[in-house]
Number of protein chains: 2
Amino acid sequence: MTLTRTDREILKLMQQDATITLGVLAERVGLSPSSAQRRLQKLREERVILRDVSIVDPRKVGRPVSMLVEVELERDRPELLPPFMRWVTETPEVQEAWGTSGRGDYTLVITAQSVEHFDALADRMMELNRNIRKFTTSVVLKTLKRGLAVPVD
Amino acid sequence: MTLTRTDREILKLMQQDATITLGVLAERVGLSPSSAQRRLQKLREERVILRDVSIVDPRKVGRPVSMLVEVELERDRPELLPPFMRWVTETPEVQEAWGTSGRGDYTLVITAQSVEHFDALADRMMELNRNIRKFTTSVVLKTLKRGLAVPVD
DNA sequence: GTTGAAACAGAGACAGA
DNA sequence: TCTGTCTCTGTTTCAAC
């Protein structure tokens, strides 16, 4: 799908605030409301917009602790990789996970109620995934920025 | 603000799909539509829900490259810390940033059009922030999971 | 918690550039 | 094909009860 300048403006606005009305959105990008709506629909159909979600403040729901975890897996046990990926996907405390080059094989962002809860989660992780050679955790002291917004220029 | 079981159910659903109608939301949590609406409004007023956003697929807008960057700052130049934080906040390619204990002082998630674009961004980062002692970058090979959803149980 | 009125969203049909 | 207008139904929003 080829994105027009207008599509990109729509994406920019919707990444800032998805509760914006079609009328306001249309006005800001110089379209009629129905055209803006059709563009939006197309962007969703084509999976440029994957979904719309509410962003919840972790501190307000009892999860003030974040951890960054670098996991190093045993490379000679490839049959244990899919279970590890499934564990990552299915564990809601794992907010984000990337497989990377460099030191650690995988980096996880984890949200927890406390360091004790995190510790229990890390224990479960080690038990359920016997291919974890080691992992290093960094405690998040300050969250400077959090978001999934992508520049669209 | 004290969260009821119903509030938590609302948060769970809204984190999955914020385009859900009030009628459906109300039905799922066992409320009338107008009550569900007032709950939602309260959750937004109290900043439990920070905002609602569209999630855009980076690959569909020409940003297939992600990097994790660990930055180590000179500790004896505290006057350069606020400018660094401002740079992080104002640079849209930096999607997320945490100040951490452990090896690196700061960890950044960066989205880029290509490794060359990332390289140029890293150069600008070094030029604009003379307190960066060193940084290590990990190329993201696989994105297993991406999201900001918080478990609310 | 319910009702009701006005604004808004979503989807379809239609005509014009 | 993309845009704007029109139209209809269902939804949201907010005030009043």
Side-chain angles (χ1 to χ4, degrees), chain A residues 1-58 60-61 146-153, chain B residues 1-64 113 146-150 152-153:
Chain A
M1 183 186 182
T2 305
L3 297 175
T4 64
R5 189 187 330 282
T6 303
D7 287 326
R8 292 175 186 272
E9 285 175 36
I10 289 173
L11 291 174
K12 184 175 179 181
L13 292 168
M14 290 294 289
Q15 285 188 105
Q16 290 168 12
D17 179 10
T19 68
I20 189 175
T21 69
L22 287 175
V24 173
L25 178 64
E27 191 194 332
R28 296 229 191 134
V29 303
L31 284 180
S32 70
S34 62
S35 288
Q37 186 191 11
R38 273 187 294 241
R39 291 266 189 187
L40 249 188
Q41 189 181 19
K42 192 91 179 167
L43 289 168
R44 288 200 239 258
E45 276 171 12
E46 303 279 345
R47 304 281 293 161
V48 178
I49 292 177
L50 297 171
R51 60 191 193 280
D52 295 80
V53 298
S54 292
I55 306 297
V56 171
D57 185 343
K60 295 280 177 66
V61 294
R146 204 78 210 276
L148 302 180
V150 184
V152 286
D153 311 319
Chain B
M1 183 185 182
T2 305
L3 297 176
T4 64
R5 188 186 331 282
T6 304
D7 288 325
R8 291 174 186 274
E9 285 174 37
I10 290 173
L11 291 174
K12 185 175 179 181
L13 292 169
M14 290 294 288
Q15 286 187 105
Q16 289 169 14
D17 179 10
T19 67
I20 189 174
T21 69
L22 287 174
V24 173
L25 178 64
E27 189 194 334
R28 296 230 192 132
V29 303
L31 285 180
S32 68
S34 58
S35 291
Q37 186 194 10
R38 269 193 293 250
R39 292 268 192 188
L40 248 189
Q41 190 179 19
K42 190 92 181 164
L43 289 168
R44 290 201 240 255
E45 276 171 13
E46 303 279 346
R47 305 279 294 160
V48 178
I49 292 177
L50 297 172
R51 59 194 194 280
D52 296 79
V53 298
S54 293
I55 306 296
V56 171
D57 186 342
R59 293 167 302 180
K60 295 280 176 67
V61 295
R63 292 190 170 265
Q113 296 97 318
R146 204 76 210 277
L148 303 179
V150 184
V152 287
D153 310 319

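A, B, ... follow the sequence lines: proteins, then strands. Residue 1 opens every chain.
Within the 3.5 Å criterion, the main-chain N or O of Leu22(A) finds no donor-acceptor partner in the side chain of Gln37(A). With hydrogens and angles ignored, the 3.5 Å screen pairs no side-chain donor or acceptor of Arg47(B) with any backbone N or O of Asp57(A).
At most 12 heavy atoms of other shown residues, nucleotides or ligands fall within 6.0 angstrom of atom CD in Glu27(B). Other residues, nucleotides and ligands contribute more than 12 heavy atoms inside 6.0 Å of the CD atom of Glu46(B).
Here Leu148(A) contributes atom CG and Ile55(B) contributes atom CD1; the two are 4.5 Å apart, rounded to the nearest 0.5 Å.
Interface residues of residues 10-29 of chain B facing DNA chain C, ordered by number: none; criterion, heavy-atom separation under 4.0 Å. Residues from residues 31-44 of chain B placing a heavy atom under 4.0 Å of any atom in DNA chain C, listed by number, are Leu31(B), Ser32(B), Ser34(B), Ser35(B), Arg38(B).
One can place CD of Glu45(B) at 13 Å from C1' of dT13(D), the figure rounded to the nearest angstrom.
Note on Lys42(A) versus Asp7(A): no salt bridge recorded, every NZ/NE/NH1/NH2 to OD/OE distance being 4.0 Å or above.
Side-chain contact between Val61(B) and Val48(A) is present, with heavy atoms from C-beta onward closer than 4.5 Å.
Residue Val29(B) forms a side-chain contact (heavy atoms from CB on, under 4.5 Å) with just one option from Glu9(B), Lys12(B), Arg5(B), Arg8(B), and that option is Glu9(B).
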